[in-house]
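Following: one structure in structure tokens, then a few remarks.
Below, each value reflects all heavy atoms present in this structure, side chains not excepted, and no hydrogens, waters or symmetry copies. On a predicted model such as this, the values are computed, not experimentally measured, just so you know.
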Amino acid sequence: MDRQNPLGRESTWQRIESDLLDDIAAGSLQPGERLDETKLAERFGVSRTPVREALSRLTAQGVLVTGEKRGVRVAQYSREELAQMFEAMQEIESICARLANQRLTLLARSEIEMAQAQCKAAAKANDRIAYIRANEALHLSIYRATDNQYIFDLASGFRRKTGPFRAKKLETQADLLASVQNHEVLLDKIFSGDSQVAVDGMREHMTESFMRVLAVNS
């Protein structure tokens, strides 16, 4: 449930924000690509007001940046900036793995396993977009398992910013199947009774992910 919308009803700008985040995470919107308010309003069948609100919020999150002229673009980062982001992500995701291991409930485990099942199905069908969305859902379910909203916000914020860069490492069905197998290894460690095993597993997972991201974003 959205903390800003206690009734759980998604407003127009929230729907636009969510759809744009999906596009960025999937790489449909590339780093540096300009977003046009008029075209977005036409796409979503709305006025420019909710579009501006969504773009403003994504800019505040660092997902979009203000261009030299009017308008905004998908954030673009250098290799050094990506390295620093992944260094921070590794630390935060390791904390998530430790807390998820220590606080795992049957409901949280079920959510994580459901997301992994969706990853498997998407990889088997060679549906790249569905896989990327399921992959995001998997990591978000791990963050939720920490039962700490502040950590959830930090971790999910980094995922939003790095989405288009991570998407590039998932181009072929072989990439998707390899990612599914990596998840299996990681989840076995998160579901273990040893929080240090979970931390080490996430560190290995993030290191491998970062090396692949650098390779495809050089």
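- Note that CE of M211 is 6.0 Å distant from CG of L214, once rounded to the nearest 0.5 Å.
- When the side chains of ILVMFWY residues are joined at heavy-atom separations under 4.5 Å, either directly or via intervening members, L170 and F165 end up in two distinct hydrophobic clusters.
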Salt bridge (Lys or Arg N to Asp or Glu O under 4.0 Å) between E136 and R166: does it pass, once the steps are laid out?
CA-CA 11 Å; E136 297 305 292; R166 290 183 291 100; 2.9 Å; yes
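- Using modelled atom types, one finds a donor on one side chain and an acceptor on the other under 3.5 Å when comparing Q116 with E184.
- In plain terms, the two heavy atoms of S141 and L138 that are nearest each other are OG-O, 2.5 Å.
- N182 is not listed as a side-chain neighbour of L186, based on a closest heavy-atom distance of 4.5 Å or more.
- For the pair R15/T12, a side-chain contact is recorded, criterion being any heavy-atom separation below 4.5 Å from C-beta on.
- Atom CG of L35 is separated from atom CG of L20 by 6.0 Å, given to the nearest 0.5 angstrom.
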Show your working on side-chain contact (heavy atoms from CB on, under 4.5 Å) between S209 and F86 and close with a plain yes or no.
CA-CA 9 Å; S209 178; F86 267 83; 4.0 Å; yes
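- Applying the side-chain hydrogen bond (donor to acceptor under 3.5 Å, both in side chains) test to T207 and every residue at least two apart in sequence or in another chain returns Q90.
- Listed for the Q84 side chain is no donor-acceptor partner under 3.5 Å among the backbone atoms of E81.
- With salt bridges taken as basic N to acidic carboxylate O contacts below 4.0 Å, none links D36 and R48.
- Using a 4.5 Å heavy-atom threshold, the side chains of T49 and W13 count as separate.
- Considering CG of L176 and OH of Y131, their distance stands at 6.5 Å, rounded to 0.5 Å.
- Contact check for V213 versus T162: no side-chain heavy atoms found under the 4.5 Å cut-off.
- Under a hydrophobic clustering in which Ile, Leu, Val, Met, Phe, Trp and Tyr are joined whenever their side-chain heavy atoms come within less than 4.5 Å, directly or via other members, F210 and M89 fall into the same cluster.
- Nearest heavy atom pair, residue A123 against residue L177, reads CB-CD2, 3.9 Å.
- Between E33 and R73 there is no salt bridge, since none of the side-chain N atoms of the basic residue sits less than 4.0 Å from a carboxylate O of the acidic one.
- The shortest distance between side-chain heavy atoms of I24 and L64 falls below 4.5 Å.
- Following chains of ILVMFWY side-chain contacts shorter than 4.5 Å, one cannot reach I92 starting from L140, and the two form parts of different hydrophobic clusters.
- Closest non-hydrogen pair, A100 versus I190, comes out as CB-CG2, 4.3 Å.
- Between atom CG of residue L104 and atom CG of residue D147 there is a gap of 11.5 Å, rounded to the nearest 0.5 Å.
- Taking CG of L55 as the reference point, atom CG of L40 lies at 6.0 Å (rounded to 0.5 Å).
- Going from atom CZ of R103 over to atom OG of S195 covers 11.5 Å, rounded to the nearest 0.5 Å.
- Judged purely by atom type and a 3.5 angstrom limit, S156 uses its side chain to pair as donor or acceptor with the backbone of F152.
- Looking only at side-chain heavy atoms (C-beta outward), K161 and Y77 come within less than 4.5 Å of each other.
- In this structure, the side chains of Q118 and R133 stay at 4.5 Å or more apart for every pair of heavy atoms.
- Under the 4.0 Å criterion applied to side-chain N and carboxylate O atoms, R212 and D175 are assigned as salt-bridge partners.
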Test salt bridge (Lys or Arg N to Asp or Glu O under 4.0 Å) applied to R43 and D23, step by step
CA-CA 13 Å; R43 168 186 167 183; D23 289 347; 2.9 Å; yes
As a quick check of understanding, evaluate side-chain contact (heavy atoms from CB on, under 4.5 Å) for V46 and V51, giving each step before the final call.
CA-CA 8 Å; V46 298; V51 171; 3.9 Å; yes
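- Under the salt bridge (charged side-chain N to carboxylate O under 4.0 Å, His left out) test applied with E17, the options R57, R52, R160 reduce to a single match, R57.
- Between P164 and L29 the shortest side-chain heavy-atom distance does not fall below 4.5 Å.
- S110 and E113 form no side-chain donor-acceptor contact under 3.5 Å, judged by distance and modelled atom types alone.
- For E87, the CD atom sits in a loose shell: 12 or fewer heavy atoms of surrounding residues, nucleotides or ligands are nearer than 6.0 Å.
- Minimum heavy-atom separation, R144 to A137: NH2-O, 4.4 Å.
- Taken together through direct or relayed side-chain contacts under 4.5 Å among Ile, Leu, Val, Met, Phe, Trp and Tyr, L99 and F191 form parts of separate hydrophobic clusters.
- With hydrophobic clusters built from ILVMFWY side chains whose heavy atoms lie under 4.5 angstrom apart, L58 shares a cluster with F44.
- Using a 30° and 60° split on the angle between ring planes, H139 and H183 fall in the perpendicular class, above 60°.
- When all heavy atoms are compared, the tightest approach of A167 to I132 is CB-CD1, 4.0 Å.
- The existence of a salt bridge linking E93 and R203 is excluded, since no basic side-chain nitrogen approaches an acidic carboxylate oxygen closer than 4.0 Å.
- In terms of heavy-atom proximity, A145 sits nearest to I112 at CB-CD1, 4.3 Å.
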Pair I129, D22 - check side-chain contact (heavy atoms from CB on, under 4.5 Å), show working.
CA-CA 9 Å; I129 299 302; D22 278 349; over 6 Å; no
